[in-house]
Protein chains: 4
Amino acid sequence: MGAVKAKRMPRAVREQQMLDAAVETFGQRGYMAASMDEIAELAGVSKPLVYLYLNSKEELFTACIRREAAALVTAVRSGVRTGLPADRQLWDGLLAFFVHTAAYPHAWSVVHLQARTHGETFAAEAAAMREEIVAFVTSLIVVAAREAHRDPDLPEREVAGLAEALVGAAESLATWANTTDGVTARQAATTLMNFAWAGLSNLMDGRNWTPPAA
Amino acid sequence: MGAVKAKRMPRAVREQQMLDAAVETFGQRGYMAASMDEIAELAGVSKPLVYLYLNSKEELFTACIRREAAALVTAVRSGVRTGLPADRQLWDGLLAFFVHTAAYPHAWSVVHLQARTHGETFAAEAAAMREEIVAFVTSLIVVAAREAHRDPDLPEREVAGLAEALVGAAESLATWANTTDGVTARQAATTLMNFAWAGLSNLMDGRNWTPPAA
Amino acid sequence: MGAVKAKRMPRAVREQQMLDAAVETFGQRGYMAASMDEIAELAGVSKPLVYLYLNSKEELFTACIRREAAALVTAVRSGVRTGLPADRQLWDGLLAFFVHTAAYPHAWSVVHLQARTHGETFAAEAAAMREEIVAFVTSLIVVAAREAHRDPDLPEREVAGLAEALVGAAESLATWANTTDGVTARQAATTLMNFAWAGLSNLMDGRNWTPPAA
Amino acid sequence: MGAVKAKRMPRAVREQQMLDAAVETFGQRGYMAASMDEIAELAGVSKPLVYLYLNSKEELFTACIRREAAALVTAVRSGVRTGLPADRQLWDGLLAFFVHTAAYPHAWSVVHLQARTHGETFAAEAAAMREEIVAFVTSLIVVAAREAHRDPDLPEREVAGLAEALVGAAESLATWANTTDGVTARQAATTLMNFAWAGLSNLMDGRNWTPPAA
DNA sequence: AATGAATGAGTGTTCATTCAT
DNA sequence: GATGAATGAACACTCATTCAT
C-alpha cells in the first residue's frame with residue numbers, strides 16, 4: 001500500500017508522498033497516536049527526511065490540514081456552476097462534497113475531526129476552510145430567497161444559524177455515510193436536500209415554528 | 001483548584017471525584033494529551049489510587065464516556081413528556097439537549113469529539129448512546145407522520161437519513177453554541193426546530209425535492 | 001564505581017547521588033557529550049527518576065555548578081582564619097583551594113571549564129562564585145597594603161587587575177596540578193605564593209615595571 | 001555574512017574559507033553545538049565539499065586548533081626580537097599575545113577553551129602549542145636570572161612552576177580582557193608585567209616567601 | 001484506604017555522514 | 001569541482017504503570 005520505493009526523487013514529489021502518508025496515518029490513528037516513524041515508513045522514506053522537508057510534527061499536520069481543506073473547497077467549488085438556480089447549485093455543491101469526503105475518508109477525518117481536537121492552532125486552520133463553505137451556503141440561501149421573489153427579510157443571525165445547521169448536518173452525514181455500509185454520496189445528498197430545501201422554502205413562506213413560552 | 005482535599009472518603013465518592021477530574025481534563029486536553037498525573041492531581045488523590053479504582057487510562061476514559069453519555073441521554077429523556085404532540089416533544093428534547101451540552105461543555109467534548117477520535121473501542125461506546133437518541137428522534141418523526149394523518153409512506157431508510165441529519169445538525173449546533181458567544185440553548189433549539197420541522201412537514205405533504213438525473 | 005545499588009531511598013539522598021554522578025560525567029565528557037542515560041546509569045537509577053527530580057539536563061547541570069561552586073567557596077572560606085596576617089590568610093586560602101580542586105578534579109572541571117563553554121546562563125552561574133573569590137583576594141591585597149603601613153594608593157583598577165591575574169594564575173595552576181604527575185597542592189600553593197607575594201610587595205614599595213613607549 | 005559566493009576556486013583557498021567558518025562557529029557555539037550544516041553554510045559551500053576536503057568533524061576541528069595554535073605562536077615569536085634585555089623580550093611577547101588574542105577572539109576560544117573541553121585528543125593538540133610558549137617563557141626567566149648575575153639556583157621545578165603560573169595568568173587575563181569592556185591589550189600586558197616581573201626579581205634576590213610548617 | 005519511589009517503553013527531534021549525479 | 005537527496009544512530013524527554021510500605 002505504501003508508495004513504491006523509488007530513490008532519489010525531486011523534493012516536490014517526495015513532499016506529496018509524505019503528505020499522503022501523513023494524512024492517511026493522522027486520519028486513521030489520530031494526531032497524537034500517529035508516530036513520525038510510522039508516517040515515514042508509510043511514505044517510504046527515513047524520518048530525518050520528513051523533518052528536513054516538513055520541520056516538525058506540528059508543521060506536518062498543519063500542512064496536511066491545509067492541503068486537504070483546500071482540496072475539499074476546490075472540489076465543492078468545481079462542482080458548482082454559477083448561473084443555475086440556487087437549489088441546483090446547492091445540490092451540486094452537496095453532491096461534490098459527499099463525493100469528495102467519500103473518496104478521501106482519511107482526509108475528511110483529518111480536516112473534520114482531528115484538526116478540531118488537538119489545539120486551537122489546528123482548529124483555526126480548519127475553521128478557515130469551513131468559513132468559506134458556510135459563506136457559500138449562506139449566499140445560496142440569500143439568492144434562493146431572492147429567486148422566490150421574497151425580500152430577504154430573514155434576519156441575518158437567523159440565516160447564519162440556518163447555514164450552520166445545514167453545514168453541520170452535511171458534516172455529520174458525511175461521517176455517517178463513510179461509516180455506514182451502502183450509503184452513497186448521492187443518497188446522502190438527496191436526504192439532506194430534501195431535509196433542507198423543503199425547510200428553507202417553508203421558512204421563506206413565513207411558515208416558521210414558534211417555540212412555546214419559556 | 002481541585003476538589004477540597006479530604007482524606008478517607010468512601011470509594012464511591014472518590015470515584016466520582018476522579019471521573020469529574022478526568023472528564024474535565026480529557027475534555028480540555030484531549031484523550032492522549034491528558035496525563036494521568038494531571039488527572040490525579042486535579043482529583044486531589046495520588047496516582048496509584050486512580051489505578052486502584054479505575055485500572056487504566058483506557059478504562060478511565062471509557063468510564064467517562066459511559067457516565068457522560070448516560071447523563072446526556074437521561075437529560076434528554078427527562079425533558080420530554082409523552083402524551084404531548086410530536087413537535088412539542090421534539091422541541092422539549094432539543095432544548096434539554098442544548099441545555100445539557102451547554103452546561104457540561106467538557107462532557108460534550110468527551111462524548112462527541114474525543115470519544116470519536118481515539119480508536120474504535122471508544123467510538124463504539126459513544127455510538128451506542130447516539131443510537132438511542134437517533135432512535136428516539138426516528139420514532140418522533142414516525143409519530144408526527146401519523147398525527148398528520150399520513151401513512152408513513154416515507155421509506156424507512158429515508159426516515160433514518162432524516163433522523164441522522166437532524167441529530168447531526170443538533171450536534172453541530174451544540175458545538176457551535178458552545179464556542180460562539182451569545183448563542184443560548186433556546187436560540188439553538190429554535191433555529192434547528194425551524195429548519196427541521198418545516199422541512200419535515202413539507203416532506204410529509206409529499207413535496208420533496210427531486211434530484212436531477214445523474 | 002557507581003553507588004551501591006540500593007532501592008527505595010529518600011529523595012534527598014537520591015538527589016545527591018544523581019548530582020555526584022552528573023558531576024563526574026559532565027567533568028569527564030563535557031556538558032554536551034554527557035548523556036542523561038550515562039548519568040542515570042552511573043547514579044544507579046533510571047532516567048525518568050533523574051528527570052522527576054531534576055527536570056532537565058540544563059537544570060541538572062546548573063545544580064551541579066551551584067553545588068560545586070558553593071562547595072569550593074566554602075572550602076576556601078573554611079581554610080582561612082581572620083585575624084591572621086594577610087599573607088598567611090592568602091596562603092591558607094590558596095592551599096585550601098588547591099587541596100579542594102585536587103580532591104575533586106571533576107568538580108573543578110565542571111565549574112572552571114564546562115560551565116564557561118556552554119552558554120551564558122551556565123557561565124553566569126560560575127562567574128557568580130568566581131566573583132566571591134576575586135573579591136576575597138582583592139580585600140586581602142588591600143589589607144596587606146595597610147599592614148605594610150602604606151596607603152592603598154594603588155588605583156582601584158590596578159588592584160582589580162592584580163586580583164584577576166592572581167586568581168587566573170591559581171586557576172591555571174589548579175588545572176596544571178591536576179594533570180601533571182607529582183605536583184601537590186602544597187607545591188602549587190608555594191609556587192603561586194612566591195610568585196604573587198613577592199610581586200605584590202614590590203608593587204607596594206612603588207617599584208613597578210614601566211612599559212616602553214608605544 | 002559568509003564569504004562572497006564564488007564558484008570554482010582552487011582547493012587551498014576553499015579550505016581556508018572553510019577553516020575560517022569553522023573557527024568562527026566553533027568559537028561561538030562550542031565544538032559540539034556547532035553543526036556541520038552551519039559551518040558549510042557560513043563557508044558558502046555545500047556540506048559534502050567540507051567532507052571532501054576535511055574528512056570529518058573531528059579532523060576539521062583538529063585542523064582549526066592546529067592552524068590557530070600555530071598562528072598564535074607565530075604572532076608571539078614575531079613580536080619578540082632576540083638581543084634585547086629579558087624583561088623587554090617578555091613584555092614584547094606578552095603584548096603580542098594579548099594583541100593577537102584580542103584580534104581573534106574566536107580563535108582564542110577554540111584554542112584555549114574548546115580544545116580543552118572535548119576530549120584528550122584535542123586537548124593534546126592544544127597542549128603542544130602551549131608547551132612551546134611555556135618553554136619560551138622558561139628560557140626568558142633563566143636568561144633574566146643570568147642577566148641579573150645570579151646563578152640560576154632556582155630549582156628547575158620551581159622555574160617550571162613560575163612559568164606555568166605566568167602563562168596561566170596571561171591566559172586568564174586574555175579571556176578577561178576579551179570579555180571586559182575597556183580593557184586593552186596594553187593594559188593587560190602592563191598589569192601582568194608588573195605582577196610578574198617584580199615577583200620574579202624578588203625571587204632572584206632570594207627573597208622568597210616561606211610557607212608555614214604543615 | 002492511600003502513597004512516595006521507581007521504571008520500561010516509546011516519542012519527537014537532531015546530526016554527522018554518504019551516495020548518485 | 002560540486003551538490004541535492006537521503007539516512008543510521010543517538011539523545012532529551014515523557015508517560016502509563018507498578019511496587020513496597
Side-chain angles (χ1 to χ4, degrees), chain A residues 5-11 13-15 32-40 44-60, chain B residues 6-11 13-14 32-40 44-61, chain C residues 5-11 13-15 32-40 44-60, chain D residues 7-11 14 32-40 44-61:
Chain A
K5 198 116 166 212
K7 300 256 147 161
R8 304 267 143 190
M9 336 206 11
R11 172 168 182 156
V13 177
R14 272 277 191 257
E15 258 185 42
M32 301 233 61
S35 88
M36 294 298 272
D37 274 292
E38 194 181 357
I39 292 171
V45 296
S46 70
K47 217 178 356 167
L49 199 58
V50 178
Y51 276 88
L52 188 61
Y53 287 173
L54 287 125
N55 302 320
S56 73
K57 197 182 187 182
E58 293 206 354
E59 281 191 38
L60 172 58
Chain B
K7 299 259 152 164
R8 307 262 150 193
M9 337 200 20
R11 168 161 183 160
V13 178
R14 273 274 191 255
M32 300 236 59
S35 85
M36 295 297 273
D37 273 286
E38 194 180 357
I39 293 171
V45 298
S46 72
K47 227 182 339 175
L49 197 58
V50 178
Y51 277 88
L52 187 61
Y53 285 177
L54 287 130
N55 304 317
S56 73
K57 195 184 188 183
E58 294 206 354
E59 282 191 37
L60 172 57
F61 190 44
Chain C
K5 198 113 165 213
K7 301 255 147 162
R8 303 268 144 189
M9 337 206 10
R11 171 169 181 154
V13 177
R14 272 279 190 256
E15 257 184 43
M32 301 232 61
S35 89
M36 294 297 273
D37 274 291
E38 193 180 357
I39 292 171
V45 297
S46 70
K47 217 182 351 171
L49 200 57
V50 178
Y51 277 90
L52 187 61
Y53 287 173
L54 287 127
N55 302 319
S56 73
K57 195 181 188 184
E58 293 206 353
E59 280 191 39
L60 172 58
Chain D
K7 300 257 150 159
R8 308 261 152 191
M9 337 198 21
R11 169 162 183 159
R14 273 273 192 259
M32 301 237 59
S35 86
M36 294 298 273
D37 273 287
E38 195 179 358
I39 292 171
V45 297
S46 72
K47 228 182 339 173
L49 197 58
V50 178
Y51 277 88
L52 187 63
Y53 286 176
L54 288 130
N55 303 315
S56 74
K57 195 182 188 185
E58 293 206 354
E59 282 190 38
L60 172 58
F61 190 43

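Everything numeric here is computed off the predicted structure, so don't read it as measured data. We use all heavy atoms of the structure for the numbers below, so side chains are in, but hydrogens, waters and symmetry mates are not. Just so it is clear: chains get the letters A, B, ... in the order the sequence lines come, proteins before strands, and each one is counted from 1.
E:dG12 atom P lies 17 Å from atom CG of A:L49, rounded to whole Å. Between B:E59 atom CD and F:dA16 atom P there is a gap of 15 Å when expressed in whole angstrom units. As rounded to whole Å, 18 Å separates atom P of E:dT13 from atom OH of A:Y53. One interatomic measurement links the two molecules: CD of C:E38 to P of F:dC11, which rounds to 9 Å at whole-angstrom precision. In this structure, the CG atom of A:L52 is 15 Å from the C1' atom of F:dG8, given to the nearest Å. Going from atom CG of B:L60 over to atom P of F:dA16 covers 10 Å, rounded to whole Å.
Axis angle between the ends of the helix from E:dA2-F:dT21 to E:dT21-F:dA2, five pairs each and rounded to 10 degrees, works out to 30°.
Counting all heavy atoms, side chain and backbone alike, B:A40 lies closest to B:S46 at CB-C, 4.1 Å.
Dashed line: the shortest gap from a side-chain N or O of C:R14 to OP1 or OP2 of E:dA6 is under 4.0 Å.
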Next on the checklist: Return a single string for nucleotides 15-21 of chain E, one symbol per nucleotide in 5' to 3' order, where B is base contact, S is sugar-phosphate-only contact and - is none, cutoff 4.0 angstrom on heavy atoms.
Outcome noted: BSBBBS-
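The residue D:R11 sits apart from the nucleic acid: no heavy atom pair falls under 4.0 Å.
The CE atom of B:M36 sits 5.0 Å away from atom CG of B:L60, with the distance rounded to the nearest 0.5 Å. Here CD of C:E15 is found 12.0 Å from CE of C:M9. Values are rounded to the nearest 0.5 Å.
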Determine all donor-acceptor pairs shorter than 3.5 Å in which one atom belongs to a side chain in residues 49-57 of chain A; sequence neighbours excluded.
from  : atom 1 : to    : atom 2 : distance (Å)
A:N55 : ND2    : A:E59 : OE1    : 2.8
A:S56 : OG     : A:E58 : N      : 3.4
A:S56 : OG     : A:E59 : N      : 3.1
A:K57 : NZ     : A:Y31 : O      : 3.0
A:K57 : NZ     : A:M32 : O      : 3.4
A:K57 : NZ     : A:A34 : O      : 2.8

